[in-house]
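Heads up, the thing below is written out as structure tokens.
Here, residue 1 is the first one in the sequence, and each next residue gets the next number. This structure is a prediction, so every number in the text was calculated from the model and none was measured.
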Amino acid sequence: SARRRGLGGSLAQQQQQQQQSDLGGGDGDTTRNNESAASAAAKRKEVGKEAVMEFLKLHSLMREAEREKNELSRRLQAWDGLCRGSIGQVDTTTQQVGTHITEINFAPSHCSTCSVPVAQQLLTLWLRLFQASPSTVAVDLDFICTLLEEMPGIGKGFLESKRMVVREIATKSPIGAKLVLNELRKRLSVSRCMNCAEILGKILEVQEFEFAEEFSQLAMDVLAR
């Protein structure tokens, strides 16, 4: 009886140890499974992060390419407008009658700091276009009057640019020469406009142009007064 109790106790102890061993193995397997799942999740997160970074990089490159395309399109449209002799915007939508051209409404600058430099640059651009083809660039009386006006505070550089433009018009455009001659005659007959007198002197510095005698006669009339 005592022997059987001893064998029973040993068997129970052995079964208890086996259960503990099985439980310990289960915990180990669970730990390893958790570690594997955590590692897989970390890898998926890293891959997802790399994909997002790559997407953002490609998106940034696409936006930059789009900006460059738009800038190039604007420059091509500007050059096309200059070739046509006007500042315009070409509408890329082609209709039955062809490509539609929409003129841009020019908005002048009212900034006291930048208005003069901008105006001087535009005037220089106009002068280059006029010198390239005087017969195809339109000149009207309003433009001549604007060039002859004395504007305080515009600076010596802009003033000289205006005088140069008047001289080029008077010596290279028959229509423009008549407008300049009549306007100078009118202004010099009513007042001693120093600006008009200096412009007349600059025109007379040019040799052999169509209306040279008429401008010389105007200068003699002014001096005779």
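Here the CG atom belonging to Asn195 is positioned 5.5 Å from the CG atom belonging to Leu159, to the nearest 0.5 angstrom. Put simply, CG on Leu148 and SG on Cys196 are 5.0 Å apart, with the number rounded to the nearest 0.5 Å. Expressed to the nearest 0.5 Å, how far CD of Glu198 lies from CD1 of Ile203 amounts to 12.5 Å. Here CG of Leu61 is found 10.5 Å from NE2 of His59. Values are rounded to the nearest 0.5 Å. Atom CD1 of Ile144 is separated from atom NZ of Lys178 by 14.0 Å, given to the nearest 0.5 angstrom. One finds the CG atom of Leu200 at 10.5 Å from the CZ atom of Arg185 (value rounded to the nearest 0.5 Å).
Side-chain atoms of Ser173 never come within 3.5 Å of backbone atoms of Ile169 as a donor-acceptor pair (strictly under, hydrogens ignored). Judged purely by atom type and a 3.5 angstrom limit, Ser60 has no side-chain atom pairing as donor or acceptor with the backbone of Lys57. Ser191 contributes a side-chain N or O that, together with a main-chain N or O of Arg187, makes up a donor-acceptor pair within less than 3.5 Å. With hydrogens and angles ignored, the 3.5 Å screen pairs a side-chain donor or acceptor of Lys162 with a backbone N or O of Glu149.
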Exercise for review: Take Val165 and Phe130 through the side chain to side chain contact (heavy atoms under 4.5 Å, CB included) test and state the conclusion after the steps.
Suggested key: CA-CA 9 Å; Val165 171; Phe130 178 79; over 6 Å; no
Exercise. Kindly indicate, with the supporting measurements, whether the criterion side chain to side chain contact (heavy atoms under 4.5 Å, CB included) is fulfilled by Leu179 and Phe143.
Key: CA-CA 10 Å; Leu179 294 174; Phe143 185 51; over 6 Å; no
| task | Start with the C-alpha distance between Thr124 and Arg128, add both sets of side-chain angles, then the distance that settles side chain to side chain contact (heavy atoms under 4.5 Å, CB included), and finish with yes or no. | result | CA-CA 6 Å; Thr124 302; Arg128 295 294 181 266; 4.2 Å; yes
Review point. Is there a salt bridge (charged side-chain N to carboxylate O under 4.0 Å, His left out) between Glu183 and Lys186 once you walk through the steps?
Key: CA-CA 5 Å; Glu183 194 63 26; Lys186 181 177 68 175; 3.4 Å; yes
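Hydrophobic clustering (side-chain heavy atoms under 4.5 Å, transitive across Ile, Leu, Val, Met, Phe, Trp, Tyr) keeps Phe55 apart from Leu58.
Around atom CD of Glu213, no more than 12 heavy atoms belonging to other residues, nucleotides or ligands sit under 6.0 Å away. Counting heavy-atom neighbours within 6.0 Å of Leu141 CG, excluding the residue itself, gives a total above 12. Annotation for Met53: atom CE does not count as buried by contact number, only 12 or fewer foreign heavy atoms lying within 6.0 Å.
For the pair Phe209/Lys172, no side-chain contact is recorded, criterion being any heavy-atom separation below 4.5 Å from C-beta on. Within the 4.5 Å cutoff, the side chain of Phe215 has heavy atoms near those of the Leu184 side chain. Between Glu68 and Glu64, the closest side-chain pair of non-hydrogen atoms falls below 4.5 Å. A 4.5 Å side-chain heavy-atom check between Leu147 and Ile199 finds every atom pair outside the cut-off. The shortest side-chain heavy-atom distance between Trp126 and Val137 falls under the 4.5 Å cut-off. The side-chain heavy atoms of Leu218 and Leu181, taken from C-beta on, include a pair separated by under 4.5 Å. Annotation: side chain of Phe211 is not in contact with side chain of Val180 (no heavy-atom distance under 4.5 Å).
Across all non-hydrogen atoms, the minimal contact from Ala177 to Ala170 is CB-O, 3.2 Å. Gly176 approaches Val139 most closely through the heavy-atom pair CA-CG1, 4.4 Å.
Ion pairing of Lys156 with Glu160 is absent here, as no side-chain N (NZ or NE/NH1/NH2) approaches a carboxylate O to less than 4.0 Å.
Residues Gln217 and Asp221 have side chains that bring a donor and an acceptor to within less than 3.5 angstrom of each other.
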